[in-house]
Amino acid sequence: MGRPPCCEKTGVKKGPWTPEEDIILVSYIQEHGPGNWRNVPSNTGLLRCSKSCRLRWTNYLRPGIKRGNLPGT
C-alpha cells in the first residue's frame, strides 16, 4: 500500500505563484522551520498542494540558493 494523497485535488490552486503567496510561505517557514510539509497548506491558508509548497521552498525561496549561470559555462 502506498501513501495517501498529499491533498484533495478539488480547490487546489495551480499555476504560477503570486508574490503574496511567496511571502506567506517564507514567513511560515521562518517561524516554524521546514518540518512537516503536509501541514503547511492548512496552517497558512494557502490553497496549494503540500508538494507544491515544498518544491517552491526548495527550488526558489530557500535562503542561499544559487541562481543564474553555472560556473564554467
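Position 1 is the first residue of the sequence, and the numbers go up from there. Treat the numbers as computed from the prediction; the structure is a model and nothing was measured.
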Inset, instruction - Mind checking side-chain contact (heavy atoms from CB on, under 4.5 Å) for Asn59 and listing every partner two or more places apart, or none if nothing turns up? - result: Leu55
Legend entry - Contacts of type side-chain contact (heavy atoms from CB on, under 4.5 Å), residue Ser42, not counting sequence neighbours: none
Legend entry - Chi angles and distances behind the side-chain contact (heavy atoms from CB on, under 4.5 Å) call for Thr18, Lys13: CA-CA 11 Å; Thr18 64; Lys13 185 176 177 185; 3.8 Å; yes
Inset, instruction - Would you indicate whether the side-chain heavy atoms of Pro41 and Cys53 approach each other to under 4.5 Å? - result: yes
Inset, instruction - Just jot down the salt bridge (Lys or Arg N to Asp or Glu O under 4.0 Å) partners of Arg56, sequence neighbours excluded, or say none. - result: Asp22
Inset, instruction - Look at the side chain of Arg54 and the backbone N and O of Ser50, then say whether any donor-acceptor pair between them is shorter than 3.5 Å. - result: no
Legend entry - Distance in Å, Leu61 CG paired with Glu21 CD, rounded so as to fall on 0.5 Å steps: 10.5 Å
Inset, instruction - Apply side-chain hydrogen bond (donor to acceptor under 3.5 Å, both in side chains) to Thr44 and list each qualifying residue two or more places apart in sequence or on a separate chain. - result: none
Legend entry - Remaining members of the apolar cluster that contains Ile65, side-chain heavy atoms under 4.5 Å: none
Without placing hydrogens or testing angles, list every side-chain donor-acceptor pair under 3.5 Å for residues 23-33, not counting sequence neighbours.
from, atom 1, to, atom 2, distance (Å)
Ser27, OG, Ile23, O, 3.0
Ser27, OG, Ile24, O, 3.0
Tyr28, OH, Asn43, ND2, 3.0

Legend entry - Shortest non-hydrogen contact from Arg48 toward Lys14: NH1-C, 3.7 Å
Inset, instruction - Search all heavy atoms of Thr58 against all heavy atoms of Arg62 and return the closest pair with its distance. - result: O-NH2, 3.0 Å
Inset, instruction - Establish whether Trp37 and Val12 are linked, either directly or via other cluster members, by ILVMFWY side-chain heavy-atom contacts under 4.5 Å. - result: no
